[in-house]
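Working notes, beginning with the structure itself.
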Amino acid sequence: MRFSRYLIPTTKEAPSDAVLPSHIYLIRGGFIQSVGAGLYNFLPLGKRVLDRVRDVVKEELDKAGCLEVDLAFVTPAELWKESGRFEKYGKELLRFTDRKENEFVLGPTHEEMMVNLVRQSVKSYKQLPLNLYQIKTKFRDEIRPRFGLMRGREFLMKDGYSFHKDEADMKREFDHMEATYSRIFTRLGLDFRVVEADSGAIGGTGSKEFMVLAESGEDTLVVCEGCDYGANIEAAVRKPAEGPRYEEGEAPEMTRGKFHTPGVKTIEDLARFFRIDPFHLVKAVAKKALYDEGREEIVVFFLRGSDELQETKAANAVDANELIDVTEEELRAAGLVPGFIGIEGLPEGIRYVIDRELAGNDTLIAGANEADYHMVGVSIPAEGEPFADLVAVREGDRCAKCGGKLRYTKGIEVGHIFQLGTRYSEPLGATFLDENGKARPFVMGTYGIGVSRLLAAIIEQHHDERGCIWTRESAPFDLEIIVSNIANDAEREAAETLYHALRERGVEVLLDDRKERFGFKINDFELIGIPWGVVVGKKIADGTMELIRRDGLERTEIPADRAIEEILGRIG
RNA sequence: CGGGGUGUGGCGCAGUCUGGUUAGCGCGCCUCGUUCGGGACGAGGAGGACGAAGGUUCGAAUCCUUUCACCCCGACCA
């Protein structure tokens with residue numbers, strides 16, 4: 001490909017709203033063009049990268065036995081009503097009607113469509129297992145699209161769905177997909193981590209996320225320094241916290257009783273008041289839980305004074321769609337006393353959940369549900385109460401698996417695999433006949449990869465202050481030839497010869513034959529980030545060219561008459 | 001949706017507070033010439049009617065009203 005005939009509108013400046021390197025360089029390098037909030041056009045260069053990434057995904061999936069399909073993008077609302085998601089999905093789902101006033105949605109994900117496809121064509125256990133996928137544009141009317149390709153409203157996603165006769169086979173496929181995904185991200189040159197993820201909202205029994213490690217990641221991950229444990233903060237678990245160490249006879253003892261604690265409302269105040277470690281205090285966090293059809297309820301979460309509430313865990317514990325803050329007025333209206341909420345004496349009908357780590361504890365101080373009073377010597381039974389894991393794991397906590405030290409890191413979610421079970425097959429009546437001729441719902445798994453997001457993730461992880469550095473399998477071209485001065489016949493001819501020779505050997509080459517100065521071209525090369533460059537310049541008079549490795553910008557002189565072998569040998 | 005902000009040639013901005021020549025600058029673009037290994041220089045040129053609608057005024061990019069779009073900070077997700 002000749003640069004002079006290609007459309008690569010590079011710019012010196014980036015739009016002022018671009019913050020992330022991936023966003024800035026993808027725009028400045030002429031890969032993409034913004035057309036509205038979360039909407040992008042892919043220009044020729046961007047399209048090339050997208051296709052290459054897509055190819056890697058497709059190749060590995062096909063090798064893994066998955067079958068590619070292509071489902072309608074505009075989907076009948078009927079299916080969504082059947083699964084119950086038409087109402088539940090919220091405003092992210094773009095709904096519209098056609099000229100006959102029939103309702104449709106633009107697919108944000110395709111569980112319903114795929115289940116529909118399968119229930120119409122698969123009738124017997126003999127046809128199972130089956131893993132179907134598509135790589136297709138999705139539309140989610142995101143509340144806040146941002147960061148370029150990182151979080152668009154329209155984006156390219158690979159979504160796959162597997163169908164099984166039983167749980168065990170679904171789990172087998174789940175592991176198989178984990179391995180397949182790992183191969184895909186490895187081929188793309190990404191430093192990633194597979195972590196435990198929250199699976200509450202969508203339902204199902206287990207899920208894992210593939211996180212590309214990058215400072216700019218939107219997710220906080222908890223990883224262990226001692227073993228391979230890693231989890232999204234929303235799903236991270238830890239070894240139960242140990243209390244402070246006390247000398248012989250120094251451990252706090254509590255005589256049960258109600259204490260006058262005027263104005264002592266916060267954990268800090270309480271710890272100071274009783275001169276005790278917050279570990280022994282019970283923190284009450286009240287939230288308003290939102291459910292389907294506008295139903296809402298105040299819920300109180302109890303955990304150690306030394307811990308923080310993890311909202312996703314809390315929402316899952318009460319099956320809420322969302323938790324929002326409550327005002328003191330609302331608390332009072334519900335009969336609660338802000339600042340003095342405790343487990344004992346909680347007003348009738350108030351729903352509460354206790355953090356599992358508190359189970360069986362008896363040296364605790366909690367609110368007395370009465371203004372200016374706390375209960376000392378509170379004990380919590382080991383069972384019988386509504387317990388759940390509610391704590392936000394913190395840096396320095398101990399790993400539940402090996403006891404090692406846990407720390408935070410940031411990640412970009414590029415893949416997510418889910419054990420779905422019968423969550424969709426059941427409501428949609430998708431069944432098959434088993435060995436005994438009995439109808440049973442398909443046991444499903446679902447697997448996603450953010451293909452367009454991958455481009456952003458690759459650049460987030462592979463760039464320098466000059467521009468993009470594409471990895472081998474994601475690069476739009478394998479190599480770029482830069483003709484220093486196109487007006488110089490010797491340079492031009494040598495470059496042309498090399499260009500044709502490399503192309504004949506299957507190398508994807510971009511020949512910068514533009515009538516521009518050297519500095520201009522080399523800057524574009526560095527911005528665009530093709531992994532290798534060859535400068536054909538005035539050194540051609542001495543029979544040498546220069547090979548540049550984009551990653552590190554290391555230069556090597558190579559003899560012009562052996563250029564092809566040298567290049568093929570190095571770029572592999 | 002809550003809070004903050006911005007809309008002026010393709011891109012980045014100034015001008016707006018304090019209405020008043022022909023709306024300005026840098027980059028980019030076109031033509032010619034000189035240059036040619038790190039975003040060259042000179043000369044000439046094209047391109048906007050100031051997000052939109054309404055209003056105030058002799059006069060509006062500038063003041064008022066409404067509206068739309070986009071961006072930043074929070075809850076969602078590949």
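Just so it is clear: chains get the letters A, B, ... in the order the sequence lines come, proteins before strands, and each one is counted from 1. Bear in mind that the values here come from a model prediction, so they are computed numbers and not experimental data. Side-chain atoms are counted along with the backbone in the values below, which use heavy atoms only and exclude waters and symmetry mates.
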Any donor-acceptor N/O pair, A:Lys410 side chain to A:Asp219 backbone, under 3.5 Å:
no
A:Arg453 (side chain) and B:C77 (base): donor-acceptor pair under 3.5 Å
yes
Taking atom types as modelled, is there a side-chain donor on A:Asn316 or A:Asp198 under 3.5 Å from an acceptor on the other?
yes
Base, sugar-phosphate, or nothing: which does A:Lys539 touch, judged by heavy atoms less than 4.0 Å apart?
base
Between the base of B:G39 and the side chain of A:Arg28, is one N or O donor paired with an acceptor at under 3.5 angstrom?
yes
Rounding to the closest angstrom, what is the interatomic distance between B:U34 and B:U21 at atom C1'?
38 Å
Quick one: A:Phe192 CZ to B:A78 C1', roughly how many Å, whole number?
16 Å
Polar pair under 3.5 Å, donor/acceptor by atom type, side chain A:Asp219, base B:C77
yes
Using only heavy-atom distances, decide whether a donor-acceptor pair under 3.5 angstrom links the side-chain of A:Arg151 to the base of B:C76.
yes
Any salt bridge between A:Lys288 and A:Glu296, counting N to O under 4.0 Å?
yes
Are A:His463 and A:Ser22 linked by a side-chain donor-acceptor pair shorter than 3.5 Å?
no
Does B:G39 have its OP1 or OP2 closer than 4.0 Å to a side-chain nitrogen or oxygen of A:Arg517?
no
For nucleotides 26-30 of chain B, give me every protein contact, N/O to N/O, under 3.5 Å, one pair per line with atom names.
residue : atom : partner : partner atom : Å
B:G26   : N2   : A:Glu13 : OE1          : 3.3

Quantified in whole Å, what is the C1' atom distance between nucleotide B:A46 and nucleotide B:A53?
31 Å
Side-chain donor-acceptor pair under 3.5 Å between A:Tyr424 and A:Asn116, yes or no?
no
Could you give the CD1-to-P distance, from A:Ile486 to B:G37, as a whole number of Å?
14 Å
Integer angstrom distance from the P of B:G51 to that of B:G7:
8 Å
Less than 4.0 angstrom between a side-chain N/O of A:Arg144 and OP1 or OP2 of B:C72, yes or no?
yes
Suppose you measure atom P in B:C73 against the same atom in B:U18; what distance do you get, rounded to whole Å?
32 Å
With no hydrogens and no angle check, is any side-chain donor or acceptor of A:Asn41 less than 3.5 Å from a backbone partner on A:Gln33?
no
Inspect the surroundings of NZ in A:Lys515 and state if more than 12 heavy atoms from other residues, nucleotides or ligands are less than 6.0 Å away.
no
With rounding to whole Å, what would you report as the distance between B:G45 and B:G26 at their P atoms?
15 Å
